Amino acid sequence: MNSDKLICSAMAVLLISMAGCGAKINKQDTASVSATPAVTAEAAQDSSSQEVDFDSMYHSTDSLDSAESEAGFDMTVPDTVKGSTACQYYVANDNSTIRARYVDDNKVTMLMVDKSNQIGGSAKDKAVYETEKTIPVNDTPVTFCENGNLAYAAEWVKDSYSYTIHTDTGMPEGDLMAVVFEVS
């Protein structure tokens, strides 16, 4: 019975994720801005209660070198980001994604950086952002997702890899842009 609930929950999360996917990166040379309707607090709570079990999808590694060896590709990330005190590295169980997870002193996630050899879909829930804008960074269009004056996600594709940076707490666009420059 519990496995049936788990399977149904996983399928619901997959369907919800697929519905929010399909982001198209605007390949213009200038920034473009589009408004996305914000979600009510109730809807945001409903979607957050349907989280996917991270431990069933990823496993931790001892270092970035170990993660790169397992995944079969390299990843460049900053040693630290503003507000973080440590970085932990993970690899998707199918070796498709390397994740760098920056945490604070209380082990609360400050920022996550993903690099994946699978292109398609979106790791961000686009429905919760008021604004999306695409800005060229190193000649690559990067989509930034923002609420108010804080950026919560950045996403781009480069050299057959997809990249996603996400923070639950938000940060000034300039701070997120600095991380994008280091990763790209």
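All of these numbers come straight from a predicted model, not from anything done at the bench. Sequence positions, counted from 1, serve as the residue numbers for this chain.
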Q: Return the minimal non-hydrogen interatomic distance between Ser162 and Ile119, and the atom names on each side.
A: N-CG1, 4.2 Å
Q) Hey, what do you get for CZ (Arg101) to OG1 (Thr109), rounding to the nearest 0.5 Å? A) 3.0 Å
Q) So, do Glu130 and Glu146 sit near enough that their side-chain heavy atoms are less than 4.5 Å apart? A) no
Q. Which heavy atom in Cys87 sits nearest to a heavy atom in Ala100, and how many Å separate them?
A. SG-CB, 3.8 Å
Q. Do Val137 and Met177 have side-chain heavy atoms sitting under 4.5 Å apart?
A. yes
(Q) Around atom CG of Asn138, are there more than 12 heavy atoms from other residues, nucleotides or ligands closer than 6.0 Å? (A) yes
**Q.** Nearest heavy atoms of Ala154 and Val180, plus distance in Å
**A.** CB-CG2, 3.8 Å
Q.
Check for me whether Lys115 meets the cation-pi criterion with Tyr163, that is, NZ or CZ under 6.0 Å from the six-membered ring centre and within 45 degrees of the ring axis.
A. no
Q. With a 4.5 Å limit on heavy-atom distance, are the side chains of Phe73 and Asn117 in contact?
A. yes
Q: First locate atom OH of Tyr90, then atom CE of Met112, and finally report the distance between them rounded to the nearest 0.5 Å.
A: 10.0 Å
(Q) Under 4.5 Å between side-chain heavy atoms, counting indirect links through other Ile/Leu/Val/Met/Phe/Trp/Tyr residues: same cluster for Tyr102 and Phe181 or not? (A) yes
Q: Apply the test side chain to side chain contact (heavy atoms under 4.5 Å, CB included) to residues Asp94 and Gln118: give CA-CA distance (whole Å), side-chain angles for both, the deciding distance (0.1 Å), then the verdict.
A: CA-CA 11 Å; Asp94 66 358; Gln118 296 182 354; 3.7 Å; yes
Q | From Thr131 atom OG1 to Phe144 atom CZ, the distance as rounded to the nearest 0.5 Å | A | 13.5 Å
Q.
Donor-acceptor check, side chain of Ser116 to backbone of Ser96, threshold 3.5 angstrom: yes or no?
A. yes
(Q) Once rounded to the nearest 0.5 Å, what's the spacing between atom CZ of Arg99 and atom OG of Ser60? (A) 13.0 Å
Q | Ser63: partners by side chain to side chain contact (heavy atoms under 4.5 Å, CB included), with sequence neighbours left out | A | Asp65, Ser66
Q.
Thr143 vs Trp156, test: side chain to side chain contact (heavy atoms under 4.5 Å, CB included). Steps then yes/no.
A. CA-CA 6 Å; Thr143 300; Trp156 68 100; over 6 Å; no
Q. Is the closest side-chain heavy-atom distance between Thr76 and Glu182 below 4.5 Å?
A. no
Q: Take Met171 and Met110 through the side chain to side chain contact (heavy atoms under 4.5 Å, CB included) test and state the conclusion after the steps.
A: CA-CA 10 Å; Met171 59 187 354; Met110 302 301 296; over 6 Å; no
Q) So, for Ile98 and Met75, which heavy atoms are closest and what is the spacing to 0.1 Å? A) CG2-SD, 3.3 Å
Q. Side chains of His166 and Glu155: is there a donor and an acceptor less than 3.5 Å apart?
A. no
Q) Given Thr97 and Tyr161, is the side chain to side chain contact (heavy atoms under 4.5 Å, CB included) satisfied, shown in steps? A) CA-CA 10 Å; Thr97 304; Tyr161 291 95; over 6 Å; no
Q: Looking only at non-hydrogen atoms, find the nearest pair between Leu150 and Pro172 and report the distance.
A: CD2-N, 3.8 Å
For residues 78-85, tabulate all N or O donor-acceptor pairs below 3.5 Å that involve a side-chain atom, not counting sequence neighbours.
unit_1: Ser84; atom_1: OG; unit_2: Val81; atom_2: N; d: 3.0
unit_1: Ser84; atom_1: OG; unit_2: Val81; atom_2: O; d: 2.8
unit_1: Thr85; atom_1: OG1; unit_2: Val103; atom_2: O; d: 3.4
unit_1: Thr85; atom_1: OG1; unit_2: Asp104; atom_2: O; d: 3.4
unit_1: Thr85; atom_1: OG1; unit_2: Asp105; atom_2: N; d: 3.3
unit_1: Thr85; atom_1: OG1; unit_2: Asp105; atom_2: OD1; d: 3.3

Q) Of the non-hydrogen atoms in Thr167 and Ala151, which two are nearest, and what is the gap between them? A) CG2-O, 3.7 Å
Q | Reference residue Leu111; test side-chain contact (heavy atoms from CB on, under 4.5 Å); the match among Thr169, Leu176, Asp175 | A | Leu176
**Q.** Partners passing salt bridge (charged side-chain N to carboxylate O under 4.0 Å, His left out) against Glu68 (at least two apart in sequence or in another chain)
**A.** none
Q. For the hydrophobic clusters of this structure (ILVMFWY residues joined by side-chain heavy atoms under 4.5 Å, transitively), does one cluster hold both Tyr89 and Val91?
A. no
